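Only one structure is covered here, and it is reproduced in the block below.
The basis for the numbers below is simple: all heavy atoms, side chains too, and nothing from hydrogens, waters or symmetry mates. Keep in mind it's a predicted model, so treat the numbers as computed, not measured.
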Amino acid sequence: MAFHAVRFPLDVALGARGGPERRTDVVTLASGAEERNGRWRHSRRRYNAGYGVKSRADMQAVLAFFEERRGRLHGFLWRDGLDYSSGGAVPGASDQRIGTGDGSQTSFQLSKTYGASFDPYLRPITRPVAGSVRVAVAGSELLSGWTVDVATGVVGFSVAPANGAAVTAGFLFDVPVRFDTDRLDIELTSFDAAEAPSIPLVEILP
C-alpha cells in the first residue's frame, strides 16, 4: 500500500459528483424525542468519477490511472471542483487562521474552517498544492523563514511565532482518495464514446 502524489485526470474530476459524508446515530426514544450522536470527528468525502467521463479518451485515461493504482490498493490526489481553496480562486495569506503563537511552538497544521456562529468545523488540510501556500504572522505575510510539507500540510517556522500572534495561511489543496472498487464496468456506447456509470472514490482520512 502506498500513496501516489499524482492527480486524477482533471477533466474527468471536474464533471464528477460527490461531497462530504458524516456518520450520525439517531435513536428515537419512547416519548418520540430523539438522541443524536456524531460518530465521526471528521467528515469523509465520497465521489463518483463516472459522471465526468465524456469520451473514449477520458475512459482510456481513467483506465490507465485505475490500473496503475491497482484498484483500491494505492491512494492518489483528487481535485474537488467545488472546494479546493482556502478562500477565493487566488489564496491570500490571511484566509484561514491555523493557530496562535506561544513563543515556542514552531509547527502548525494547515486547516480550513467551515461555519462561524454555532459550531464551526475545523478540517485538517493534509495535501496542499506545492507552491500555493502563503503564510502570515500577526497580519504580516512572511516570504521566508517557514516551510510546508506537502505530504502532511504541516507548516514549520525557523523561529517560533510570538506569544498571542495569529498564524494564518492561504492555500490550494487536493483531497487524498482511493478507488472504492476493484472493478471498472466500462461500456463502449459508440465509436468515440465510452461510459462507466460508477467509478466510486473515497477520501483517505489522516
Side-chain angles (χ1 to χ4, degrees), residues 1-4 7-8 12-53 62 66 69-88 91 95-100 102 105 107-129 149 151-155 166-185 195-206:
M1 182 179 69
F3 189 90
H4 297 171
R7 188 178 293 141
F8 187 88
V12 178
L14 294 180
R17 294 184 183 181
E21 172 190 33
R22 288 200 171 265
R23 183 66 56 83
T24 306
D25 290 332
V26 180
V27 178
T28 303
L29 306 179
S31 65
E34 288 184 348
E35 293 287 346
R36 296 181 297 277
N37 178 57
R39 295 176 60 187
W40 291 353
R41 178 183 178 187
H42 296 295
S43 57
R44 190 180 197 187
R45 280 148 179 79
R46 290 185 178 273
Y47 304 96
N48 185 349
Y51 290 100
V53 176
V62 171
F66 178 87
R69 308 287 89 73
R70 307 299 195 272
R72 293 185 295 176
L73 185 60
H74 301 307
F76 53 93
L77 300 173
W78 172 265
R79 171 57 56 88
D80 186 325
L82 178 65
D83 190 7
Y84 63 90
S85 174
S86 58
D95 284 350
Q96 299 288 326
R97 185 163 183 155
I98 62 172
T100 302
D102 61 6
Q105 182 178 350
S107 297
F108 296 82
Q109 176 69 53
L110 289 179
S111 60
K112 183 174 180 178
T113 301
Y114 297 78
S117 301
F118 296 96
D119 188 14
Y121 168 55
L122 192 66
R123 176 188 179 188
I125 301 300
T126 60
R127 296 288 171 171
V129 175
D149 187 339
T152 63
V154 174
V155 176
V167 181
T168 60
F171 44 83
L172 302 177
F173 63 94
D174 291 310
V175 182
V177 301
R178 62 168 173 80
F179 286 104
D180 200 24
T181 182
D182 280 322
R183 175 175 180 265
L184 287 184
D185 189 12
E195 64 180 34
S198 180
I199 307 176
L201 310 172
V202 63
E203 182 177 6
I204 301 170
L205 294 179

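- None of L110, V129, D95 except one satisfies the side-chain contact (heavy atoms from CB on, under 4.5 Å) rule with F171; the exception is L110.
- Scanning both residues, F8 and V62, for their nearest heavy atoms gives CZ-CG2, 3.8 Å.
- Among all heavy-atom pairs drawn from V177 and W78, the shortest one is CG2-CB, 3.7 Å.
- Every residue two or more places apart in sequence or in another chain that forms a salt bridge (charged side-chain N to carboxylate O under 4.0 Å, His left out) with R7 is listed here: D174.
- For L82, the CG atom counts as loosely surrounded, since its 6.0 Å shell holds 12 or fewer non-hydrogen atoms of other residues, nucleotides or ligands.
- Using a 4.5 Å cut-off on side-chain heavy atoms (C-beta onward), N37 and R39 make contact.
- Pairing each heavy atom of A16 with each of Y51, the nearest pair is CA-CB, 4.3 Å.
- Pairs passing the side chain to side chain donor-acceptor pair (under 3.5 Å) check and including a residue from residues 19-30, sequence neighbours excluded, read E21-R46.
- Between S43 and R123 there is no side-chain heavy-atom pair separated by less than 4.5 Å.
- Between N48 and P197, the closest heavy-atom pair is ND2-O, 3.3 Å.
- Not a single donor-acceptor pair under 3.5 Å links the side chain of D149 to the backbone N or O of V154.
- A 4.5 Å side-chain heavy-atom check between T126 and P176 finds at least one atom pair inside the cut-off.
- Ring-plane geometry between F179 and F76 is classed as tilted, the angle between the planes lying from 30 to 60 degrees on a 0 to 90 degree scale.
- With contacts defined as side-chain heavy-atom distances shorter than 4.5 Å, the pair I199/Y47 does not qualify.
- Note that CZ of R127 is 8.0 Å distant from CD1 of I204, once rounded to the nearest 0.5 Å.
- Within a 6.0 Å radius of CD in E34, other residues, nucleotides and ligands contribute more than 12 heavy atoms.
- Of all the heavy atoms in H74 and A2, the pair that sits closest is ND1-N, 3.1 Å.
- For D80 (side chain) and G18 (main-chain N/O), no donor-acceptor pair under 3.5 Å exists by modelled atom type.
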Legend entry - CA sep, side-chain torsions, deciding dist, call: T113, L122, side-chain contact (heavy atoms from CB on, under 4.5 Å): CA-CA 5 Å; T113 301; L122 192 66; 3.2 Å; yes
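- At a threshold of 4.5 Å between non-hydrogen side-chain atoms, the residues R45 and D83 count as touching.
- Judged purely by atom type and a 3.5 angstrom limit, Q109 has no side-chain atom pairing as donor or acceptor with the backbone of I98.
- In terms of heavy atoms, R44 sits closest to R178 at NH2-NH2, 4.1 Å.
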Legend entry - Pair F173-K112, side-chain contact (heavy atoms from CB on, under 4.5 Å): steps then yes or no: CA-CA 10 Å; F173 63 94; K112 183 174 180 178; 4.2 Å; yes
Inset, instruction - Check step by step if side-chain contact (heavy atoms from CB on, under 4.5 Å) holds for I125 and Q96. - result: CA-CA 11 Å; I125 301 300; Q96 299 288 326; over 6 Å; no
